[in-house]
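The next block holds one structure in the form of structure tokens; read it before the comments.
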Amino acid sequence: MVMGFQEAELVTADMVAQYAYCPRRMYLMYVDGKWDDNYFTEHGKAVHRRTDSIEDDLPCPLNTTTSSDDEPEPIIARSVLLSDEQLGIIAKPDLIEADGQIATPVEMKRGSIPNTPTHTYEPERVQLMVQALLLRAHGFQCTTGIVYYASSRKRVEIPLDDDLESRTLNIIAQIKEMLLNRPQLPPPPLNDSPKCNGCSLAGICLPDETNALLAERSQTEKEDSECQEDNDIPDVRRLFPARPDAVPLYIQTQGAKLGKSGETLVVEKSGEKLGTFPLKDVSQVVLCGNVFISAQCVQTLCARGIPIIYLSPGHWYYGITIGEGLKNAYDREAQFKIAADPLRSLEFAKAFASAKAQNQRTLLRRNALSLPDIVLKQMQELIRSMQQVTAYESLLGLEGSVARLYFENFTQMLKNKNSLGEFHLDGRNRRPPMDPLNALLSFGYSLLVKETTVSLIGEGLDPWWGLYHRPKHGKPALALDLMEEFRPVIVDSAIITLINNEQISPNDFLVSTSGCSLKDTARKKLIAAFEQRLDQMITHPIFDYRCSWRVIIRLQCKLLCKALRGEIASYQGMTTR
């Protein structure tokens with residue numbers, strides 16, 4: 001994980017290479033401190049593993065080690081750390097081949113020799129040039145660099161000439177200016193570039209999505225133009241996995257213990273092994289109630305950036321343990337500034353509330369068995385009114401009116417209502433819920449706020465400082481903001497499916513005069529339905545590619561960051577068609 005730049009630091013050779021590849025990538029890595037691995041970066045680490053395991057000292061240009069005929073012997077030095085305060089740069093070449101006063105830096109690359117005129121790429125050449133500048137500053141002659149391509153098993157010589165030196169020094173100067181002034185926004189994303197296909201930061205950068213939203217804004221501003229065809233929103237490539245490989249691990253067995261063995265998590269109880277789970281397949285660990293976890297396991301999960309979520313025996317959200325993760329504070333700075341501005345934060349609040357209301361209306365329209373037309377008409381009028389409000393109180397009132405219509409007709413989406421027994425919804429109630437359906441909703445929303453909290457922390461935002469929900473001790477206000485748009489389409493939809501498929505019955509609940517609670521069987525069924533819904537694929541209404549609801553939640557977090565920083569004009573809540 002790369003760190004954000006500090007003014008006293010030197011420009012690294014990797015910064016120069018990243019800038020040559022894409023200035024935005026360099027900004028995200030070294031200003032915002034953001035990073036993600038993919039197949040290519042993991043393979044690259046494997047190629048460098050041998051050289052990285054050794055750190056040699058720089059040999060003397062006038063080496064006195066001689067053979068019998070007094071000729072200097074060539075020396076190979078690995079991972080030598082070089083720096084120069086006057087140049088303001090630092091590098092660690094993979095290899096240095098020194099022969100007397102002549103030194104040749106060698107860079108190891110994972111791929112094959114590219115079919116380009118120089119048989120190399122510019123980032124590789126400027127990286128070698130930085131190393132050459134440092135070697136020259138330490139007294140060596142350095143006119144040639146070498147790139148070794150591991151897949152081809154061949155070396156390519158690079159002449160380190162004046163043109164390459166001029167280009168490299170120019171990049172270094174631009175980086176220094178960027179790092180010193182730290183512009184609020186990163187450089188614009190590349191436009192439909194093939195470089196984005198293999199970039200490990202594509203899911204953070206969102207180049208096509210950002211360009212599409214900027215084009216959509218431009219198209220809106222020029223909607224009266226005669227040349228509408230010139231303003232069409234470009235096609236958006238999904239440059240990240242449609243579904244994540246890793247999924248949450250829920251441990252609900254009371255008295256169980258979670259430990260670690262090598263690269264595997266192990267769940268045991270009373271000396272009996274209940275299950276093993278490879279770390280690479282786990283995105284978060286959810287401990288439900290009286291479940292123990294070893295200190296070694298906590299340390300490993302924190303180091304891997306895998307959050308540990310604590311739920312009560314009744315599965316209410318208690319808290320989270322997570323490693324340091326993203327260390328930059330720039331997104332939070334923007335978040336706090338907007339939260340302190342009532343007019344700007346209201347725009348975000350309207351986006352959250354109206355998306356939730358629109359999704360509630362859509363769910364009713366699609367699934368209600370016998371719904372009066374007047375209900376959908378009233379809901380649509382209320383949603384339109386949300387865009388005109390100028391005060392939070394008005395927005396809360398409109399949201400509450402939509403919610404009242406929604407929950408009054410919620411059971412219209414349930415089949416065979418006469419056979420549901422205790423299932424009824426006489427208004428939304430909680431703390432504690434008084435009937436099975438409200439108990440399911442409350443537990444489902446608790447699972448959802450856990451999911452949005454984890455996503456916001458992963459993006460570097462503060463889940464406790466909201467834009468719509470007011471900050472309050474013990475309440476993850478921004479997580480509650482973000483979950484609004486997902487309540488109907490994830491939790492409510494999962495519960496409707498659970499009931500209509502007769503996967504849950506009144507026997508799965510404990511009902512008394514003090515309230516209603518879920519038995520273990522009901523909680524397990526709802527968790528399974530919730531996770532299945534998160535894994536379901538949908539077509540994004542704006543970008544028109546398919547991905548899972550779990551990915552959509554994280555995508556909305558990223559777009560929220562961009563809107564807070566001002567990179568895109570506004571935040572748009574996720575709504576289904």
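Bear in mind that the values here come from a model prediction, so they are computed numbers and not experimental data.
Contact of the Asp192 side chain with the Asn211 side chain is not registered, since no non-hydrogen atoms from C-beta on lie closer than 4.5 Å. For the pair Val247 and Asp535, the minimum side-chain heavy-atom distance is 4.5 Å or more. Looking at Leu467 and Leu564, their side chains come closer than 4.5 Å, going by heavy atoms from C-beta outward. Between Phe543 and Asp208 the shortest side-chain heavy-atom distance does not fall below 4.5 Å. Contact check for Leu480 versus Tyr468: no side-chain heavy atoms found under the 4.5 Å cut-off. Proximity of Leu437 to Phe410: side-chain heavy atoms (C-beta onward) are separated by under 4.5 Å at one or more points. Using a 4.5 Å heavy-atom threshold, the side chains of Gln252 and Leu311 count as separate. Using a 4.5 Å cut-off on side-chain heavy atoms (C-beta onward), Gln358 and Glu485 make no contact.
Of the possible polar contacts, none joining the Asn290 side chain to the Gln254 backbone as a donor-acceptor pair under 3.5 Å is found. Under the 3.5 Å distance criterion, the side-chain polar atoms of Glu484 are left unmatched by any main-chain donor or acceptor of Ala353. Under a 3.5 Å cut-off, the side chain of Thr453 and the backbone N or O of Val449 do form a donor-acceptor pair. With hydrogens and angles ignored, the 3.5 Å screen pairs no side-chain donor or acceptor of Lys195 with any backbone N or O of Asn197. The backbone N or O of Gln503 lies less than 3.5 Å from a partner atom in the side chain of Lys525, making a donor-acceptor pair. Side-chain atoms of Ser493 do not come within 3.5 Å of backbone N or O of Ile490 as any donor-acceptor pair. The closest donor-acceptor contact from the side chain of Ser261 to the backbone of Thr264 lies at 3.5 Å or more, if one exists at all. Judged by distance alone, with hydrogens and angles left aside, the side-chain atoms of Tyr27 form a donor-acceptor pair with the main-chain N or O of Pro183 at under 3.5 Å. No donor-acceptor pair closer than 3.5 Å links the side chain of Lys519 to the backbone N or O of Leu510. Judged by distance alone, the side chain of Asp341 and the main-chain N or O of Ile338 form no donor-acceptor pair under 3.5 Å.
In this structure, the separation between CG on Leu441 and CG on Leu448 is 11.5 Å, given to the nearest 0.5 Å. Annotation: the span from Lys562 atom NZ to Leu185 atom CG amounts to 10.0 Å, rounded to 0.5 Å. Atom NZ of residue Lys350 and atom CE of residue Met386 lie 11.0 Å apart, to the nearest 0.5 angstrom. Here the straight-line distance linking atom OG of Ser517 with atom CG of Asp508 works out to 11.5 Å at 0.5 Å rounding. With values rounded to the nearest 0.5 angstrom, Ser354 atom OG is found 13.5 Å from Arg361 atom CZ. The CE atom of Met379 sits 6.0 Å away from the CG atom of Leu405 when rounded to the nearest 0.5 Å.
In this structure, Arg344 does not pair ionically with Glu347, as no charged nitrogen and carboxylate oxygen lie closer than 4.0 Å. Remark: Glu502 does not engage Lys415 in a salt bridge, criterion side-chain N to carboxylate O under 4.0 Å. By the 4.0 Å N-to-carboxylate-O rule, Glu567 lies too far from Lys558 to be salt-bridged with it. Between Glu451 and Arg533 there is no salt bridge, since no side-chain nitrogen of the basic residue lies less than 4.0 Å from a carboxylate oxygen of the acidic one.
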Assess the residue pair Thr300 and Leu265 against the criterion (side chain to side chain contact (heavy atoms under 4.5 Å, CB included)); give the C-alpha distance rounded to whole Å, side-chain angles, the decisive distance to 0.1 Å, and a yes or no. CA-CA 10 Å; Thr300 299; Leu265 297 179; 6.0 Å; no
Kindly determine whether Lys356 and Glu399 satisfy salt bridge (charged side-chain N to carboxylate O under 4.0 Å, His left out), including the steps that lead there. CA-CA 9 Å; Lys356 171 191 174 184; Glu399 183 199 359; 2.9 Å; yes
Pair Leu534, Ile553 - check side chain to side chain contact (heavy atoms under 4.5 Å, CB included), show working. CA-CA 9 Å; Leu534 286 176; Ile553 292 176; 3.9 Å; yes
Under the side chain to side chain contact (heavy atoms under 4.5 Å, CB included) rule, what do Leu456 and Leu560 come out as? Steps first, then yes or no, please. CA-CA 9 Å; Leu456 289 167; Leu560 178 59; 4.2 Å; yes
Apply the test salt bridge (charged side-chain N to carboxylate O under 4.0 Å, His left out) to residues Glu459 and Arg554: give CA-CA distance (whole Å), side-chain angles for both, the deciding distance (0.1 Å), then the verdict. CA-CA 8 Å; Glu459 293 304 315; Arg554 196 64 182 263; 2.7 Å; yes
Report the C-alpha separation of Glu381 and Arg384 in whole Å, then their side-chain angles, then the decisive distance to 0.1 Å, and conclude whether the salt bridge (charged side-chain N to carboxylate O under 4.0 Å, His left out) test is met. CA-CA 5 Å; Glu381 290 174 355; Arg384 289 196 190 101; 5.7 Å; no
Should Arg243 and Met537 be marked as a side chain to side chain contact (heavy atoms under 4.5 Å, CB included) after you check the CA-CA gap, both sets of side-chain angles, and the distance that decides it? CA-CA 8 Å; Arg243 287 192 180 99; Met537 300 285 285; 3.0 Å; yes
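Here the rule is side chain to side chain contact (heavy atoms under 4.5 Å, CB included) with Ile308, and of Leu287, Ile320, Ile322 only Leu287 fits it. Between Leu190 and the choices Cys22, Cys205, Cys199, Pro207, the side chain to side chain contact (heavy atoms under 4.5 Å, CB included) rule is met once, by Cys22.
Aromatic ring pairs are classed by plane angle as parallel below 30°, tilted from 30° to 60° and perpendicular above 60°; the pair Tyr571 and Phe352 is tilted. Note on ring orientation: taking the six-membered ring where Trp is involved, the planes of Trp549 and Phe486 are perpendicular (angle over 60°, cut-offs 30° and 60°).
Figure legend: cation-pi geometry between Arg487 and Tyr406 absent, as NZ or CZ is not positioned both under 6.0 Å from the six-membered ring centre and within 45° of its axis. Because its NZ or CZ atom is not both nearer than 6.0 Å to the ring centre of Tyr250 and within 45° of the ring axis, Arg523 does not count as a cation-pi partner of that residue.
Residues Gln335 and Arg332 bring no donor and acceptor atom of their side chains to less than 3.5 Å of each other.
Enclosure of atom OH in Tyr318 is not indicated, since only 12 or fewer non-hydrogen atoms of other residues, nucleotides or ligands lie within 6.0 angstrom. When the shell of 6.0 Å around CD of Gln387 is examined, it contains more than 12 heavy atoms from other residues, nucleotides or ligands. Counting non-hydrogen atoms of other residues, nucleotides and ligands closer than 6.0 Å to CH2 of Trp465 gives a total of 12 or fewer.
Nearest heavy atom pair, residue Gly259 against residue Cys297, reads O-SG, 4.0 Å.
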